[in-house]
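Comments concern the structure below.
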Protein chains: 2
Amino acid sequence: MTELTPQCETDDHAPAARSFDPVACDRAAAIFRALGDPNRLHILILLRQGPMCVTAIADELDDNLSAVSQRLKLLRSERIVVTRREGKHVFYALTDDCIVELIDHALAHGSESLTPKPPR
Amino acid sequence: MTELTPQCETDDHAPAARSFDPVACDRAAAIFRALGDPNRLHILILLRQGPMCVTAIADELDDNLSAVSQRLKLLRSERIVVTRREGKHVFYALTDDCIVELIDHALAHGSESLTPKPPR
DNA sequence: TAAACAGTCAATGAATTCATGAAATGATTG
DNA sequence: CAATCATTTCATGAATTCATTGACTGTTTA
């Protein structure tokens with residue numbers, strides 16, 4: 001359990017990211033894109049509590065297994081989650097705490113300005 | 001310049017976001033989705049330097065005006081940027097510093113794990 | 001090794017997003 | 001008020017994403 005949620009000491013990388021780096025930009029956008037779906041985000045919020053296997057996630061979310069598996073696959077392809085097989089089960093866990101921070105930050109920011117939409 | 005980049009004191013909202021709130025989740029996902037496009041993200045990275053008008057942004061990004069305008073419109077609809085008209089020009093600016101933090105964080109996280117892609 | 005369980009993969013169609021170019025709107029200037 | 005500059009809107013098609021279903025693979029257990 002502890003083995004799956006390591007590294008990325010949060011302030012290893014506070015500075016950086018000044019002058020524009022197109023590669024980092026694309027990478028960041030890809031991460032955001034992956035986070036930018038309510039279903040996927042919901043999975044990640046669940047995983048904040050600790051590693052879970054696919055069926056457990058699907059149960060908790062009351063969604064079909066295949067769909068959940070595919071969302072996890074996408075999250076994995078962006079290295080947002082990692083996997084570990086244990087017997088029949090495959091456990092998914094958040095790759096590192098940066099992701100948690102990112103999510104919490106957006107979540108909190110989201111609950112702030114909750115007014116519907118700006119003018120037109 | 002200072003008038004356009006106010007509020008959101010960064011740690012007004014450090015805790016929060018514990019138990020699952022579907023509305024906040026959707027909102028957060030929407031924000032992420034908006035950030036999840038390289039072109040839009042690039043615009044935001046530009047705006048980190050301060051407010052700019054549409055043509056200036058399009059020039060800087062060497063992209064067509066209409067496209068930039070539409071991306072800005074989307075960012076505005078998610079309240080990620082705000083506008084101010086000044087004569088013929090419309091200036092766009094980041095709504096608050098939370099967004100900057102979010103971006104910097106992802107950007108930094110992005111440059112870390114820059115390995116292509118995980119297995120299959 | 002067959003059955004059962006856990007998860008993934010592949011294919012399909014529906015829905016959404018995106019870029020592009022042309023027309024329309026707003027604001028200033030001659 | 002005509003011309004021009006700045007920006008937005010609209011319409012189109014191409015590309016991408018998403019959910020769904022059924023088949024397939026890997027692992028344990030009887």
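The chains referred to below are lettered A, B, ... by the order of the sequence lines, with proteins before strands, and numbering in each begins at 1.
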Next on the checklist: Closer than 3.5 angstrom, by distance alone: can the side chain of B:Arg85 be matched with the main-chain N or O of B:Gly87 as a donor-acceptor pair?
Outcome noted: yes
Item to check | B:Glu78 backbone acceptor or donor facing B:Arg27 side chain under 3.5 Å | outcome: yes
Item to check | N or O in side chain of B:Tyr92 less than 4.0 angstrom from D:dT8 OP1/OP2 | outcome: yes
Next on the checklist: Tell me which residues in residues 31-39 of chain B lie within less than 4.0 Å of DNA chain C, going by non-hydrogen atoms.
Outcome noted: B:Asn39
Checklist entry - What's the NE2-P distance between A:His89 and C:dA6, to the nearest Å? => result 5 Å
Item to check | Over all atoms of both residues, closest heavy-atom pair of B:Pro38 and A:Asp26 | outcome: CB-OD1, 3.5 Å
Next on the checklist: So, using side-chain contact (heavy atoms from CB on, under 4.5 Å) as the criterion, who are the partners of A:Leu61 when residues are at least two apart?
Outcome noted: A:His42, A:Ile43, A:Leu46, A:Ile57, A:Asp63
Checklist outcome for this item: Nucleotide by nucleotide, nucleotides 20-30 of chain C touches protein heavy atoms under 4.0 Å in the pattern (B base, S sugar-phosphate only, - none) BBB----SS--
Checklist entry - Is the distance from OP1 or OP2 of C:dC9 to the nearest side-chain N or O of A:Lys73 less than 4.0 Å? => result yes
Item to check | Short side-chain to backbone donor-acceptor contact, B:Asn64 and B:Ala67, under 3.5 Å | outcome: yes
Checklist entry - Are A:His105 and B:His105 close enough that some pair of their side-chain heavy atoms sits under 4.5 Å apart? => result no
Checklist entry - Just wondering, do B:Ile45 and B:Leu107 contact through their side chains at under 4.5 Å, heavy atoms? => result yes
Next on the checklist: If I take atom CG in residue A:Leu65 and atom C1' in nucleotide D:dA19, what distance separates them, rounded to the nearest angstrom?
Outcome noted: 14 Å
Next on the checklist: From NE2 of B:His42 over to P of C:dC18, roughly how many Å is that when rounded to an integer?
Outcome noted: 17 Å
Checklist entry - Only one of B:Leu75, B:Leu44, B:Val54, B:Ile80 forms a side chain to side chain contact (heavy atoms under 4.5 Å, CB included) with B:Tyr92, so which one is it? => result B:Val54
Item to check | d(CG, B:Leu75; P, C:dC18) in whole Å | outcome: 11 Å
Checklist outcome for this item: By nearest-nucleotide position on DNA chain D, the 5'-leaning member of A:Leu74 and B:Ser69 is B:Ser69
Checklist outcome for this item: Between A:Arg33 and A:Arg40, the two heavy atoms sitting closest are O-NH2, 3.3 Å
Checklist entry - To the nearest Å, how far apart are A:Phe91 CZ and C:dA6 P? => result 11 Å
Checklist entry - Using a cut-off of 4.0 Å on non-hydrogen atoms, how would the nucleic acid contact of A:Leu72 be classed: base, sugar-phosphate, or nothing? => result nothing
